[in-house]
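Let me begin by presenting the structure, written as structure tokens, before commenting on it.
Order of listing sets the numbers, starting from 1, for every ligand and every atom in it. Start at 1 with the first residue, then count along the sequence. Note that this is a predicted model, so its numbers are computed, not measured.
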Amino acid sequence: MAIKNAYLLDLLERTKKRNPGEPEFIQAVTEVLASLEPVIEQRQDLVDAGVLERIVEPERQIIFRVPWVDDNGKPQVNRGFRVQFNSAIGPYKGGIRLHPSVNLGIIKFLGFEQTFKNSLTTLPMGGGKGGSDFDPKGKSDNEIMNFCQSFMTELYRHIGADLDVPAGDIGTGAREIGYMFGQYKRIRNEYVGVLTGKGLTYGGSLARKQATGYGLCYFTNEMLKANGMSFEGKTVLVSGSGNVAIYACEKATTYGAKVVAMSDSNGYIYDKNGIDLDAVKQIKEVERKRIKEYLTYHPNAEYHEGCSGIWTIPCDIALPCATQNEINGESAKILVKNGCKVVSEGANMPSTPEAIDTYLANGLLYGPAKAANAGGVATSGLEMSQNSLRLSWSFEEVDERLHNIMISIFKACDEASKTYGMPGNYMAGANIAGFIKVAESMKAQGNV
Ligand code: NDP
Ligand code: 2IT
């Protein structure tokens, strides 16, 4: 993924200098700029319009204090973020991550990726991301509500149904979105689709919960078909055991695959008979416990401490659905050695650059995050449409639209990879196809 073009190299150097201490952001920018080399060589007009300089600079970055009170009456303070990255093709759109590792660089990498992902969905959404270093683990429901209300008490002034529409991400599910929505409505005194991933009784969309995991499998299925393969009879690893992982496991199983492992940040379970997803849902969605509890349902399954060990299990298809950089070069080599043929990303940027180089050098099919996991935000876009229409569509209707969007995303990646001389490199295809729409829109709208 080395960049050779002198202009892009210089831009990358300037971006590094301007954003010190943000390795994830620089990693995401480097990957996209490297993919854009063949485009830039043909499109001096985009260089002249300053599109590249502008695309790596967020339009607005908001950092704020989030004070809240814990169950012992003790004041707590977290840091809140919202990065409004790019509004060339629509209102800012992207999730809110609640995890102790959250910092500005992580939110910027996510917002940058989101810009191209949202472009690929075919829907009119710009890129944004937010979050906090708040750790939801071990907090009571009351503490979660206190935090979410305080977070929204600042965030409300920066967002809006036609301005910026946040949603879920790590640590933010329907419960947190519900508390944030309630607080927004109370402060603004208006009932609008300002958040997506809402509960089904108050404006949420059917199939949004399933959308990222299902969409990942729809995309992967297209990629497999285009290369004469299928999910049928394949052994699959799914890392994580949160929203994306659970519904990726469900759809892969429906397609005839056998998912044998899942994980959380403490460790992974291996069940050679195939994961019992009802047990995982009970542990994770209902009880909010650790994946280790799986052994109480299936004592013959194995549990191992440490999450990266999951990649040492032999598989045909790996679906990383936990977090960034969860597959490094070494894990990628082990996957290849054990016969893995496909890596398709549910999480955002789960593969390090060394891991991606390993997939491409060994001819694996590689479904990059910004294309493969776009089903979640695409369905958020469908939730926004339903809210604007004041209608709600059936599960089947939303799921069919999602499926068609994922088919069109695969086509866009495939076609761009061929047009720019890298057939089968869906990472380059996704970066190029996502970029072109945003770049044309930025050029057309002038230097803003
Ligand atoms: P959840 O909070 O529902 O689940 C996250 C899962 O990943 C948990 O099992 C969690 O384990 C694990 N995890 C989180 N951080 C780490 C870490 N540092 N190391 C190892 N495991 C970790 O989040 P989602 O399922 O929503 O998100 C998963 C990924 O998918 C993220 O990369 C997110 O950005 C991406 N994504 C999410 C979309 C959505 O619609 N929700 C859409 C597109 C992408 P533990 O419980 O131990 O923390
Ligand atoms: O990374 C992502 O695409 C998400 N977390 C979903 C964002 C959204 O607005 O639904």
In ligand 1, which numbered atoms sit nearer than 4.0 Å to a non-hydrogen atom of Ala347?
29 (C), 30 (O), 32 (O), 35 (C)

Examine ligand 1 and decide if any of its atoms is less than 4.0 Å from a heavy atom belonging to Arg208.
yes

Carboxylate-amine/guanidinium contact Glu440 Lys437, below 4.0 Å
no

Proximity of Glu326 to ligand 1 by residue part, where a heavy atom lies under 4.0 Å
neither

Ring centre gap for Tyr303 and Tyr270 strictly below 6.0 Å
no

Which of these, Ser265, Gly242, Gly168, Ala372, has its nearest heavy atom closest to atom 4 (O) of ligand 1?
Gly242

Residue list, ring-ring contact (aromatic ring centres under 6.0 Å, His included) with Tyr92, at least two apart or on another chain
none

Please say whether the positively charged group of Lys284, taken as NZ for Lys or CZ for Arg, lies over the ring of Tyr294, i.e. under 6.0 angstrom from the six-membered ring centre and within 45 degrees of the axis.
no

Cation-pi between Lys185 and Tyr191: NZ/CZ under 6.0 Å from ring centre and within 45° of the ring axis?
no

Does a side-chain N-to-carboxylate-O contact under 4.0 Å join Arg208 and Glu383?
no

State whether Glu59 and Arg54 are salt-bridged, where the test is any N-O pair (Lys NZ or Arg NE/NH1/NH2 against Asp/Glu carboxylate O) under 4.0 Å.
no

Is it the case that the ring center of Tyr179 lies less than 6.0 angstrom away from the ring center of Phe147?
no

Going by the closest heavy atom to atom 36 (N) of ligand 1, which one wins out of Ala245, Gly306, Gly346, Gly197?
Gly346

Note: ligand 1 atoms sitting under 4.0 Å from heavy atoms of His99 are 15 (N)

Tell me whether Lys117 has any N or O atom under 3.5 angstrom from an N or O of ligand 1.
no

Going by an N to O cut-off under 4.0 Å, is there a salt bridge joining Arg97 and Asp169?
yes

Test your reading of the model: is there a side-chain donor-acceptor pair from Glu345 to the backbone of Ala369, 3.5 Å cut-off?
yes

Contact (N/O only, under 3.5 Å) between Asp264 and ligand 1:
no

Run the numbers for me: atoms of ligand 1, each under 4.0 Å from some heavy atom of Gly240, listed by number.
9 (O)

N/O separation below 3.5 Å, Val244 to ligand 1
yes

Can an N or O of Asn266 be found at a distance shorter than 3.5 Å from an N or O of ligand 1?
no

What atoms of ligand 1 come closer than 4.0 angstrom to any heavy atom of Gly171?
2 (O)

Please work out, at 4.0 Å between heavy atoms, whether the side chain, the backbone, both, or neither of Lys370 comes within that distance of ligand 1.
neither

Any idea which protein heavy atom is nearest atom 39 (C) of ligand 1, and the distance to it?
Thr212 OG1, 3.4 Å

At a 4.0 Å cut-off, with the gap strictly under it, does some heavy atom of Lys137 reach an atom of ligand 1?
yes

Is it the case that ligand 1 has an N or O less than 3.5 angstrom from some N or O of Asp169?
yes

Side-chain ion pair, Lys225 and Glu222, N-O less than 4.0 Å
yes

Could you check, using the six-membered ring where one of them is a Trp, whether Phe134 and Trp68 have ring centers closer than 6.0 angstrom?
yes

If you count the atoms of ligand 1 from 1 in the order shown, which ones are under 4.0 Å from a heavy atom of Cys321?
28 (C), 29 (C)

In ligand 1, which numbered atoms sit nearer than 4.0 Å to a non-hydrogen atom of Arg97?
31 (C), 32 (O), 33 (C), 34 (O)

Establish whether atom 10 (C) of ligand 1 and some protein heavy atom are separated by less than 4.0 angstrom.
no

May I have the step-by-step check of ring-ring contact (aromatic ring centres under 6.0 Å, His included) for Phe25 and Phe109, ending in yes or no?
CA-CA 4 Å; Phe25 177 54; Phe109 115 66; 8.9 Å; no

Considering only non-hydrogen protein atoms, determine which one is nearest to atom 32 (O) of ligand 1 and report residue, atom name and distance to 0.1 Å.
Asn348 N, 3.2 Å

Within the protein, residues bringing a heavy atom under 4.0 Å of ligand 2, chain by chain:
Lys93, Gly94, Gly95, Gln114, Lys117, Lys129, Ala167, Gly168, Asp169, Arg208, Asn348, Gly376, Val377, Ser380

Closer than 4.0 angstrom, basic N to acidic O: yes or no for Arg82 and Asp164?
yes

Looking only at heavy atoms, what is the nearest atom pair of Glu326 and Cys321, with distance?
OE2-N, 3.6 Å

Looking only at protein heavy atoms, which one is nearest to atom 3 (O) of ligand 1, and how far off is it?
Asn243 N, 2.9 Å

Please work out, at 4.0 Å between heavy atoms, whether the side chain, the backbone, both, or neither of Cys307 comes within that distance of ligand 1.
side chain

Looking only at protein heavy atoms, identify the closest one to atom 46 (O) of ligand 1 and say how far it is in Å.
Arg290 NH1, 3.5 Å

Is the shortest N/O to N/O distance between Ser241 and ligand 1 below 3.5 Å?
yes

Before accepting this row, confirm whether a basic side-chain N of the pair Arg175/Asp141 lies closer than 4.0 Å to the acidic partner's carboxylate O.
yes

Which heavy atom of the protein is the closest neighbour of atom 31 (C) of ligand 1, given with residue, atom name and distance?
Ala322 O, 3.3 Å

May I ask you to say whether Lys370 pairs ionically with Glu31, meaning some side-chain N is under 4.0 Å from a carboxylate O?
yes

Which is it for Ala374 and ligand 1 at heavy atoms under 4.0 Å: side chain, backbone, both or neither?
neither

When the ring planes of Tyr268 and His304 are compared, do they come out parallel, tilted or perpendicular, using 30° and 60° as the limits?
parallel

Between Phe181 and Tyr202, is the ring-ring contact (aromatic ring centres under 6.0 Å, His included) condition met? List the steps.
CA-CA 10 Å; Phe181 182 75; Tyr202 59 93; 5.7 Å; yes

Can you list the ligand 1 atoms lying under 4.0 Å from a non-hydrogen atom of Thr323?
15 (N), 16 (C), 17 (C), 18 (N), 19 (N), 32 (O)

With heavy atoms under 4.0 Å as the rule, classify the contact between Ile170 and ligand 1 as side chain, backbone, both or neither.
both

Looking only at distance, does Gln324 have an N or O less than 3.5 Å from an N or O of ligand 1?
no

Quick check, are the ring centers of Tyr366 and Tyr359 under 6.0 angstrom apart?
yes

